[in-house]
Structure formats: C-alpha cells, structure tokens
Amino acid sequence: MAALLGIAATAVLPGTAVASGPSFGTRVLHRGLSGADVRTLQRDLTGLGFKTPVAGQFGAQTEATVKRFESRFHLPVNGIVDRHTALMLQAAGSEVSAVPAISGGASLGTGTLTTKPTRATKSKAKNSRTAKRVRPADVVKQDGGSQHLGQRTLHQGMKGHDVRVLQGYLTLVGIATSVDGAFGPTTKRNVMTFQQAHNLPATGVVTYSVQLLLRQVVAQALAGGAVSKAAINSNGTASAPSGAPAAVQAMINSGNQIINKPYIYAGGHSRWNDRGYDCSGAVSYVLHGAGMLSSSEDSTGLESYGSPGPGKWVTIYADAAHTWIVIAGIAFDTADFGGPNIPSGTGPRWRSNPIGNLADGGNYVVRHPAGL
C-alpha cells in the first residue's frame with residue numbers, strides 16, 4: 001500500500017481544480033462533512049454512472065452511493081472515502097470512462113461476459129495515459145500482505161485476499177478459476193489467457209495495469225449486459241425484472257417463499273417444504289421451483305450441476321462447504337454476505353452484492369443452468 005500511495009501521490013486526482021477548500025483525496029470523507037472535495041466526489045461518482053446530487057454535503061444519499069461504488073469495485077463497503085477509495089475512483093474514472101451508461105445499480109456477476117478484446121480495449125491497453133502514469137507500480141516488488149487487488153504485484157506462489165479477488169474477477173469474465181486465495185499454476189495459466197485475449201505479454205504476472213484492465217473488462221460486461229437486475233423490496237422479497245425468462249421468475253418467486261425460514265443444517269434435503277434450510281437446500285429449492293431439479297443436491301453435488309462458467313441470468317457458486325445462487329444480478333444466500341439481513345434472523349436471504357461471499361476464501365466452482 002505504501003508503495004502504491006507513494007507513486008500515486010503525484011497523480012492528479014479527478015476534479016481537483018476547485019476554487020477553495022480541501023482537495024479531493026487529501027482527507028478522509030464521510031457522512032456529515034462538507035466542502036469542495038465532497039463536491040468533487042459527487043461529480044466523479046456521477047461521471048461513473050453512480051448518480052449523486054452535487055451539493056457539497058456528504059449526506060445519506062452520498063453515503064449510499066459511495067457504498068455502491070465500493071461494492072462494485074470490491075472495496076470494504078463502509079461509505080467512507082479514504083485515500084485508497086479516492087485512488088480507485090481515479091482509476092475507475094480513467095479506465096472505465098469509455099464504457100457507456102454504467103448503471104449505479106448494476107452488480108458484478110450479471111450480463112454476458114466475454115474475454116474477447118474490443119478495438120477500444122486494445123487501444124486503451126496500448127495507449128492509455130493512465131497506464132503510463134501508474135507504470136512505475138508495475139516494477140515495484142511489494143511483498144507484504146494485501147487487502148485490495150492492485151496494492152501489490154501478484155505472481156505464482158503468493159496468497160491473500162487480493163488473490164481471491166483476482167480469481168473471482170477472472171471467473172466473472174468467463175475464465176473459470178477456483179477462488180482459493182492461492183496463486184498456483186492454474187491461476188497463472190488463467191491470467192495468461194486473459195493477457196493473451198487482450199494483446200498483453202502473457203507473463204502470468206498481475207501488475208497494477210493488468211488489474212486495472214481486468215476491472216475495465218468487468219465494467220464493460222456490466223454496461224453491455226443484456227440482463228436487467230432484480231429488485232430487493234423493503235420486506236426482503238425480490239421482484240423479477242421485466243422481460244426475465246419464466247424460469248427466472250419462478251426461481252425468484254420460490255426464493256420469496258422461504259426467506260422467513262431459519263438456517264437449519266440439512267434443512268430442505270429430506271423434504272421440499274421444510275421448517276428451515278441450509279445453503280444447498282435453499283439453492284435446490286429455487287431450482288426445483290423452476291422445474292430444474294427433481295431432488296435436492298448438497299453443495300458438492302451442485303459443483304457439477306448444469307454447465308460450466310457464469311450464466312446470463314443465473315450463476316451457481318459451490319464448493320464442499322458452501323453454495324449460493326445469483327439470479328438476475330442478486331444473490332440468494334444463507335450466509336450474511338453482501339447486503340442487509342432482511343428479514344432479521346438466519347436462513348436464506350436476498351443479497352444485493354452477488355459476489356460478496358467470494359471474500360470467505362472458498363474454493364468455488366462456477367456453474368449455471370443450461371440456457372440461462
């Protein structure tokens with residue numbers, strides 16, 4: 001982190017040409033503050049598609065928008081803009097500005113994902129002024145532990161949360177990668193696949209510029225996805241987006257029927273209408289509700305369900321210990337990751353962040369029902 005900050009300190013953060021007051025990035029911003037840097041924050045968020053009134057007051061709406069940005073870029077979701085969040089805003093503004101109409105409500109895991117480079121992507125990878133500005137970070141050896149992807153150069157043999165994030169992002173762009181937090185030979189091969197697809201040297205090393213491009217490709221997939229996002233209602237139920245296939249609507253309706261049930265180990269496996277559900281019982285229930293599963297599966301069984309990779313409408317994450325399902329951009333999960341616990345209690349709930357659970361370090365296999 002120190003190396004990254006030392007290099008980025010000379011970069012001009014977006015919108016810093018303000019008549020008076022603190023410059024954006026020079027102090028930690030949070031709810032209750034006001035000033036020119038808050039206005040800069042609000043303008044930059046709006047420019048990225050996270051619509052925010054530019055009033056110079058850091059209120060509840062700005063805090064909520066910051067949290068959506070943090071969730072999108074896999075930062076701690078706390079509504080606080082520290083130096084690292086400010087730098088990520090800068091990187092996003094530079095690297096994702098060419099992506100049209102990024103919706104502030106979109107989430108990772110939706111849309112048709114691809115690793116085929118577009119002409120614009122190739123051009124930005126080769127000629128981006130931002131890439132030139134951060135290039136010194138590519139040659140800095142950073143050996144300490146890391147919380148955020150991009151704080152250190154990653155290569156085979158390393159471990160940590162940032163490796164898990166890398167593996168999750170590779171999976172989301174169509175290069176299925178086990179999310180185990182260990183940068184092994186398979187992860188290296190998958191990084192090389194990504195690099196080759198975007199006309200980069202196939203080194204298998206994830207420099208700062210490589211991770212910025214990876215984030216851009218994910219953002220492009222979100223902006224160009226054909227799938228609308230389901231809405232989570234105030235009572236914890238979900239509403240299917242207009243135009244969703246009948247199977248997706250059936251899954252969401254089935255999930256709504258059991259959100260008031262508690263978590264019970266092995267729940268949902270001996271009978272469909274149970275007094276509670278575990279993770280695989282809940283996923284099996286919604287698949288059964290759409291006529292896509294005749295008998296419940298445990299999480300290991302779901303590792304081989306359907307087709308490999310993420311789906312357009314539905315994606316299943318499964319390993320030996322846990323599983324959850326993403327339907328129209330929101331997660332149905334028994335673990336308290338990625339969104340408010342509404343209704344209160346334990347058990348299956350709809351979560352706004354579809355990949356929040358990737359942070360638990362599981363070795364997830366990514367599958368989807370054929371055709372969805």
Side-chain angles (χ1 to χ4, degrees), residues 4 7 11 48-49 72-74 87-88 90-102 106-140 142 146 148-156 158 162-179 183-226 308-310 312 315 355 358 366:
L4 173 60
I7 292 163
L48 287 168
R72 172 78 67 82
F73 287 89
H74 215 89
L87 289 171
M88 291 312 301
Q90 177 194 32
S94 299
E95 293 293 323
V96 188
S97 59
V99 180
I102 298 176
S107 294
L108 296 175
T110 63
T112 303
L113 304 179
T114 177
T115 58
K116 294 181 180 179
T118 64
R119 184 176 300 175
T121 302
K122 292 177 181 178
S123 176
K124 286 183 71 65
K126 184 176 181 180
N127 300 316
S128 170
R129 291 190 298 272
T130 299
K132 293 179 181 179
R133 184 167 62 241
V134 301
R135 185 167 295 151
D138 291 348
V139 296
V140 175
Q142 301 172 55
S146 177
H148 304 299
L149 179 64
Q151 287 181 227
R152 59 177 179 168
T153 297
L154 297 178
H155 54 76
Q156 186 172 338
M158 301 181 79
D162 49 356
V163 176
R164 291 195 296 272
V165 175
L166 165 69
Q167 293 165 330
Y169 281 5
L170 287 170
T171 297
L172 289 169
V173 299
I175 308 174
T177 309
S178 294
V179 183
F183 198 128
T186 300
T187 299
K188 180 179 179 179
R189 285 196 300 271
N190 290 351
V191 169
M192 293 172 68
T193 297
F194 175 80
Q195 291 170 323
Q196 289 170 338
H198 293 276
N199 289 346
L200 299 176
T203 62
V205 175
V206 182
T207 63
Y208 188 67
S209 295
V210 170
Q211 68 85 25
L212 282 178
L213 180 60
L214 177 57
R215 291 179 188 274
Q216 180 194 8
V217 174
V218 173
Q220 285 178 319
L222 293 176
K312 178 184 290 188
T315 300
I355 60 169
L358 287 179
V366 183

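Computed from a predicted structure; not experimentally measured.
- Closest heavy-atom contact between Met158 and Val163: O-CG2, 4.1 Å.
- The distance from the OH atom of Tyr208 to the CZ atom of Arg152 is 15.5 Å, given to the nearest 0.5 Å.
- Shown here are the side chain to side chain contact (heavy atoms under 4.5 Å, CB included) partners of Pro201, two or more places apart in sequence or in another chain: Thr203.
- A side-chain contact (heavy atoms from CB on, under 4.5 Å) with Gln167 is found for exactly one of Thr186, Val191, Thr187, namely Thr187.
- In this structure, Gln211 contributes its side chain and Val206 its backbone to no donor-acceptor pair below 3.5 Å.
- Closest non-hydrogen pair, Pro185 versus Gln156, comes out as CG-NE2, 3.6 Å.
- Side-chain contact between Val205 and Val210 is absent, with no heavy atoms from C-beta onward closer than 4.5 Å.
- Distance check: Thr193 OG1 to His198 NE2 gives 10.5 Å after rounding to the nearest 0.5 Å.
- Here the CG-CG distance, from Asp162 to Leu154, works out to 4.5 Å after rounding to the nearest 0.5 Å.
- Separation of atoms CD (Gln196) and CZ (Arg189) is listed at 12.0 Å; rounding is to 0.5 Å.
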